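Nothing here was measured: the structure is a model prediction, and the numbers come from that model.
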Amino acid sequence: GSRSLFAMVAAHGTRLSADLWRTCMWEKLFPLLRYSFHMSVTSSKEEAEAALLGRSKGEQVRLVVHHSRNTEQKQWDETVVVCLVGMSRLMHSQFERMTRMPGFDD
């Protein structure tokens, strides 16, 4: 997911051309961050009911969801955190290269 994408770009960013860097940053990573923020703000705060997985010995077996992930909003909040941490690591590891990108100082 998002964590892998940011880790890959941070680790292999030196191999990307300037055009690919620009595309990656402005058409993929920043839009991903913007979309994650949007979904976090607009997603449901309603707690999800534990999904029925089946039955065992006549008893219902349900998926237990941790309270920190039991709403769409909490899940999107975690995605925002993953994206912010990824962007922070990327900027730290590739800052010098990013500042040389055309349009960086606009």
Side-chain angles (χ1 to χ4, degrees):
S2 301
R3 187 174 283 122
S4 298
L5 174 63
F6 282 101
M8 186 277 307
V9 175
H12 303 289
T14 56
R15 298 178 183 181
L16 302 178
S17 68
D19 285 339
L20 193 51
W21 254 106
R22 188 172 35 262
T23 298
C24 186
M25 292 299 294
W26 299 112
E27 295 179 25
K28 303 300 177 200
L29 299 179
F30 281 120
L32 174 62
L33 188 56
R34 188 178 314 113
Y35 179 76
S36 298
F37 274 120
H38 170 76
M39 291 305 295
S40 175
V41 171
T42 60
S43 60
S44 173
K45 296 177 185 177
E46 192 172 315
E47 287 190 18
E49 186 177 322
L52 180 62
L53 298 175
R55 299 183 85 75
S56 176
K57 299 179 186 175
E59 300 282 327
Q60 290 184 344
V61 177
R62 294 193 171 271
L63 176 67
V64 177
V65 179
H66 192 270
H67 68 87
S68 67
R69 305 282 192 286
N70 65 351
T71 69
E72 287 180 11
Q73 183 185 29
K74 289 177 183 179
Q75 292 176 21
W76 279 109
D77 287 348
E78 182 60 24
T79 301
V80 168
V81 169
V82 167
C83 289
L84 286 173
V85 168
M87 189 64 82
S88 173
R89 287 181 178 156
L90 177 62
M91 289 183 160
H92 182 262
S93 68
Q94 302 293 328
F95 186 75
E96 192 173 314
R97 182 175 178 102
M98 291 170 69
T99 58
R100 292 190 306 247
M101 287 174 42
F104 181 82
D105 58 355
D106 289 350

Atom CG in L29, atom CG in L5: separation rounded to 0.5 Å?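 That separation rounds to 5.0 Å.
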Point-to-point distance, once rounded to the nearest 0.5 Å, from CD of Q94 to CG of L16: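 These two atoms lie 8.0 Å from each other.
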Please answer: with hydrophobic residues joined when any side-chain heavy atoms are less than 4.5 Å apart, are [X] and [Y] in the same cluster?
| X | Y | result |
| --- | --- | --- |
| L20 | F95 | yes |
| L32 | V9 | yes |
| M8 | V82 | no |

More than 12 heavy atoms of other groups within 6.0 Å of E96 CD: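 No, the 6.0 Å shell around CD holds no more than 12 heavy atoms from other groups.
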Pairs meeting criterion salt bridge (Lys or Arg N to Asp or Glu O under 4.0 Å) with involvement of residues 18-36, two or more places apart: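 Qualifying pairs, neighbours excluded: D19-R22.
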According to the salt bridge (Lys or Arg N to Asp or Glu O under 4.0 Å) rule, which pairs have a member within residues 2-14, sequence neighbours left out?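 Passing the test, one end in residues 2-14: no pairs.
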By side-chain hydrogen bond (donor to acceptor under 3.5 Å, both in side chains) - contacts of S40 (at least two apart):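 Result, side-chain hydrogen bond (donor to acceptor under 3.5 Å, both in side chains) vs S40: D77.
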What residues, two or more places apart in sequence or in another chain, satisfy side-chain hydrogen bond (donor to acceptor under 3.5 Å, both in side chains) together with E59?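 Partners of E59 by the side-chain hydrogen bond (donor to acceptor under 3.5 Å, both in side chains) criterion come out as none, since no residue qualifies.
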List, one per line, each side-chain donor-acceptor pair under 3.5 Å for residues 86-93, sequence neighbours excluded.
residue: S93; atom: OG; partner: R89; partner atom: O; Å: 3.2
residue: S93; atom: OG; partner: L90; partner atom: O; Å: 3.3

By ring-ring contact (aromatic ring centres under 6.0 Å, His included), which residues pair with W76, not counting sequence neighbours?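 Y35.
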Do the non-hydrogen side-chain atoms of L84 and F6 ever get within less than 4.5 Å of each other?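 Side chain of L84 against side chain of F6, heavy atoms only: no contact under 4.5 Å found.
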